[in-house]
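Structure record follows, encoded as structure tokens.
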Amino acid sequence: MYGEGSQKSIITDSKNFVDGVPTFQTATFAALGEGFMAQSLGFRNTAGPEKHQPVALRVQADRSVFLHCRMEGYQDTLYSQTHRQFYRSCYITGTVDFIFGDAAAIFQNCMIYVRKPMDNQQNIVTI
């Protein structure tokens, strides 16, 4: 999938855990299948920090590649779920354990930004 730029071509939604959706299903976008590639796209979950666990991007695709993409959310922004994944020149932002999962993932030349958490939270980049 190719976009016009990560701040122009944005896939967005607001599913979240507080409204009764399991974390696995809150993903704004889910990449499945072998060899998935995204370039110059934005993935955003707009539920906000008070909604807890709103996933912007869930990746379950083996040998997936993300180039010049942007993942925006709060808690659980990027669910790097399984298999082998490669991220290059991406922008990833969030709060509580916002990059998580069981994948073998490489982040090359990526910008990882920590947002201000809610008062009762602490930031953890990845678990």
### Query
Can Arg58 be said to sit on top of Phe29's aromatic six-ring, NZ or CZ under 6.0 Å from centre and within 45° of the ring axis?
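The answer is no, since Arg58 fails at least one limit relative to Phe29.
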Within-4.5 Å side-chain heavy-atom neighbours: [X] and [Y]:
X: Phe98; Y: Gln75; result: no
X: Tyr74; Y: Arg115; result: yes
X: Asp13; Y: Thr46; result: no
X: Thr12; Y: Phe43; result: no
X: Gln7; Y: Arg70; result: yes
X: Ile99; Y: Ile112; result: yes
X: Val59; Y: Ser80; result: no
X: Phe36; Y: Glu34; result: no

### Message
How close do Glu50 and Val18 get, counting heavy atoms only, and between which atoms?
### Response
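Taking every non-hydrogen atom into account, O-CG2, 3.7 Å.
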Any donor-acceptor pair under 3.5 Å linking the side chain of [X] with the backbone of [Y]?
X: Asp62; Y: Arg84; result: yes
X: Asn45; Y: Lys15; result: yes
X: Ser40; Y: Tyr2; result: no
X: Thr26; Y: Gln53; result: yes

### Query
Do you reckon Tyr87 sits in the same ILVMFWY cluster as Met1, going by side-chain contacts under 4.5 Å, direct or chained?
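Linked, Tyr87 and Met1 end up in one cluster.
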### Message
Please say yes or no: joined through hydrophobic side-chain contacts below 4.5 Å, possibly via intermediate residues, are Val114 and Met111 part of one cluster?
### Response
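No, Val114 does not connect to Met111 through the hydrophobic network.
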Atom [atom1] of [X]: over 12 foreign heavy atoms under 6.0 Å:
X: Asp119; atom1: CG; value: no
X: Met37; atom1: CE; value: yes
X: Phe17; atom1: CZ; value: no

### Message
Applying side-chain contact (heavy atoms from CB on, under 4.5 Å) to Leu78 and Phe100, what does each step give before you reach the verdict?
### Response
CA-CA 6 Å; Leu78 174 57; Phe100 74 109; over 6 Å; no
### Query
Would you say the side-chain atoms of Ser9 and Glu4 include a donor-acceptor pair closer than 3.5 Å?
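No, Glu4 and Ser9 have no side-chain donor paired with an acceptor closer than 3.5 Å.
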### Query
What do the steps show when you test Phe86 against Phe107 for side-chain contact (heavy atoms from CB on, under 4.5 Å), and what is the final call?
CA-CA 6 Å; Phe86 180 72; Phe107 297 89; over 6 Å; no
### Message
Between Val55 and Thr77, does the side-chain contact (heavy atoms from CB on, under 4.5 Å) criterion hold? Intermediate values first, please.
### Response
CA-CA 5 Å; Val55 176; Thr77 301; over 6 Å; no
### Working for side-chain contact (heavy atoms from CB on, under 4.5 Å), residues Lys51 and Asp19
CA-CA 7 Å; Lys51 293 293 188 164; Asp19 290 342; 3.0 Å; yes
Looking at [atom1] of [X] and [atom2] of [Y], how far apart are the two atoms once the value is rounded to the nearest 0.5 Å?
X: Phe66; Y: Arg88; atom1: CZ; atom2: CZ; answer: 16.0 Å
X: Ile11; Y: Met71; atom1: CD1; atom2: CE; answer: 10.5 Å
X: Glu72; Y: Ser6; atom1: CD; atom2: OG; answer: 8.0 Å
X: Leu41; Y: Gln39; atom1: CG; atom2: CD; answer: 8.5 Å
X: Ser89; Y: Gln108; atom1: OG; atom2: CD; answer: 7.0 Å
X: Leu57; Y: Cys90; atom1: CG; atom2: SG; answer: 9.0 Å

